[in-house]
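In what follows, a structure is listed as structure tokens, so that the remarks can point back to it.
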Number of protein chains: 2
Amino acid sequence: MISKKCTYALKAVLALTRREGSGPMTIQQIAELQDIPPRFLEAILRDLKQNGFTESIRGKEGGYVLSRPAREISLGEIIRCVEGPWFSPSGDADVFTTVWEEAENALNKVMDETDFQSLLRKEDELRRAAVPDYSI
Amino acid sequence: MISKKCTYALKAVLALTRREGSGPMTIQQIAELQDIPPRFLEAILRDLKQNGFTESIRGKEGGYVLSRPAREISLGEIIRCVEGPWFSPSGDADVFTTVWEEAENALNKVMDETDFQSLLRKEDELRRAAVPDYSI
DNA sequence: ACAAACCCTACTAAATCAATAGGGATACTG
DNA sequence: CAGTATCCCTATTGATTTAGTAGGGTTTGT
């Protein structure tokens with residue numbers, strides 16, 4: 001299962017993706033936009049920063065930005081950063097070990113095929129579908 | 001991650017696989033063989049029974065047996081029975097939904113490719129590798 | 001100097017997981 | 001038909017993890 005912390009992280013990165021190139025976004029802004037407890041989000045963003053996904057600007061007019069283009073950040077990278085491996089190596093090898101490894105690989109493959117730029121596009125499509133534009 | 005409960009279930013089914021065709025195996029026997037807390041194992045085996053994977057014989061000389069040939073029971077079936085879906089449908093559809101679905105499918109595919117008979121074979125191979133037989 | 005922002009450590013509350021307890025029902029066996 | 005070995009059921013407890021909060025500290029632009 002995907003934890004709340006992890007979905008918060010994904011939503012935060014998606015929010016930063018939307019703002020890409022338009023200056024930093026504060027914790028408060030992200031928290032309100034995505035409905036995330038601000039103090040919790042703070043910890044998450046620091047974590048992402050320490051792992052090289054975001055950068056922070058302190059002081060007034062500060063906030064967070066992505067440290068790489070959203071096109072080059074995959075869903076899998078963020079999830080692994082927040083959650084660690086799905087099937088952690090369980091002590092010593094037994095009959096299940098190779099299956100867990102195969103599962104881990106299959107999962108990473110799926111998660112690494114999607115980057116945040118395409119997620120942003122998808123979000124826009126979903127919005128257009130939900131709030132149709134009736135103009136000519 | 002795979003829970004302890006789930007690995008206990010898998011080990012129990014593997015033990016029953018080894019005993020296939022040679023009468024029932026008691027909770028105590030399985031618990032000792034696989035190092036599982038017996039009262040906990042009891043609950044797990046009842047769960048597997050209610051989902052049609054095992055059958056129980058009560059009274060003296062009783063115990064548990066597989067209700068289907070081990071060849072036809074996949075790792076995935078047992079895991080789903082004990083753990084439920086990996087990526088549960090999170091309320092309403094968002095940009096991540098389709099990725100979670102793809103991940104779920106990829107995972108099930110891997111887990112369903114392995115049945116317990118082949119796991120038993122693999123276990124035997126591992127044992128031979130660990131305790132080599134030097135006879136001619 | 002001040003205020004707006006990020007930074008750090010520690011703590012608490014709630015949920016889940018792991019395991020245990022105490023009996024009850026069933027069936028073979030002598 | 002008494003006794004014992006077995007599975008069956010519900011509730012409770014203790015440990016661990018997750019989710020979130022608190023209280024302060026540091027940096028920076030104006």
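Residue numbers start from 1 in every chain, and the chains themselves are labelled A, B, ... in the order their sequence lines are given, proteins ahead of strands.
For residues 40-53 of chain A, the salt bridge (Lys or Arg N to Asp or Glu O under 4.0 Å) pairs, not counting sequence neighbours, are R39(A)-E42(A).
Between S56(A) and the phosphate of dC7(C), there is a side-chain N or O to OP1/OP2 separation shorter than 4.0 Å. Side-chain N/O atoms of K49(B) include none lying less than 4.0 angstrom from OP1 or OP2 on dC7(D).
Put simply, CG on L45(B) is 10 Å from C1' on dC7(D), counting in whole angstrom units. As rounded to whole Å, 13 Å separates atom C1' of dT27(D) from atom OH of Y64(A). Atom CD1 of I27(A) is separated from atom P of dT21(D) by 14 Å (rounded to the nearest Å). Regarding I30(A), its CD1 atom lies at a distance of 12 Å from the C1' atom of dC6(C), rounded to whole Å. The interatomic distance linking I44(A) (CD1) with dT18(D) (C1') rounds to 11 Å, in whole Å. Residue E55(B) contributes atom CD, which lies 19 Å from atom P of dT6(D) at whole-angstrom precision.
Side-chain contact between L33(A) and M25(A): present, with at least one pair of heavy atoms (C-beta onward) separated by less than 4.5 Å.
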Distance-only check: which donor-acceptor pairs under 3.5 Å involve side-chain atoms of residues 1-10 of chain A, not counting sequence neighbours?
unit_1 : atom_1 : unit_2 : atom_2 : d
S3(A)  : OG     : C6(A)  : N      : 3.1
S3(A)  : OG     : E83(A) : OE1    : 3.3
S3(A)  : OG     : E83(A) : OE2    : 3.3
T7(A)  : OG1    : K4(A)  : O      : 3.0

Enumerate, atom names and distances included, each donor-acceptor pair closer than 3.5 Å involving a side-chain atom of residues 11-19 of chain A, sequence neighbours excluded.
unit_1 : atom_1 : unit_2  : atom_2 : d
T17(A) : OG1    : V13(A)  : O      : 2.8
R18(A) : NH1    : D124(A) : OD1    : 3.2
R18(A) : NH2    : E123(A) : OE1    : 2.8
R18(A) : NH2    : D124(A) : OD1    : 2.9

Please set out all donor-acceptor pairs under 3.5 angstrom arising from side-chain atoms of residues 61-68 of chain A, sequence neighbours excluded.
unit_1 : atom_1 : unit_2 : atom_2 : d
S67(A) : OG     : G52(A) : O      : 2.9
S67(A) : OG     : F53(A) : O      : 2.9
S67(A) : OG     : T54(A) : N      : 3.3
R68(A) : NH1    : E72(A) : O      : 3.0
R68(A) : NH2    : E77(A) : OE2    : 3.0

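Annotation: salt bridge (Lys or Arg N to Asp or Glu O under 4.0 Å) contacts of D115(A) (sequence neighbours excluded): R71(A). Here D112(B) pairs with S74(B), R80(B), N108(B) under the side-chain contact (heavy atoms from CB on, under 4.5 Å) rule; sequence neighbours left out. For R58(B), there are no salt bridge (Lys or Arg N to Asp or Glu O under 4.0 Å) partners, not counting sequence neighbours. Residues passing the side-chain contact (heavy atoms from CB on, under 4.5 Å) test with Q28(A), sequence neighbours excluded: T26(A), E32(A), P38(A). By the side-chain contact (heavy atoms from CB on, under 4.5 Å) test, K109(B) pairs with E113(B), sequence neighbours left out.
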Original post:
How does each nucleotide of nucleotides 21-30 of chain C score, in 5' to 3' order, for protein heavy atoms under 4.0 Å: base (B), sugar-phosphate only (S), or none (-)?
Top reply: BBB-BBSS--
Original post:
What string of B, S and - do you get for nucleotides 14-19 of chain C, 5' to 3', when a contact is any protein heavy atom under 4.0 Å?
Top reply: ----SS
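For the residue pair T98(B)/K122(A), the side-chain donor-acceptor check at 3.5 Å is satisfied.
Contacts between residues 14-25 of chain A and DNA chain D, defined by a heavy-atom separation below 4.0 Å, involve no residue at all.
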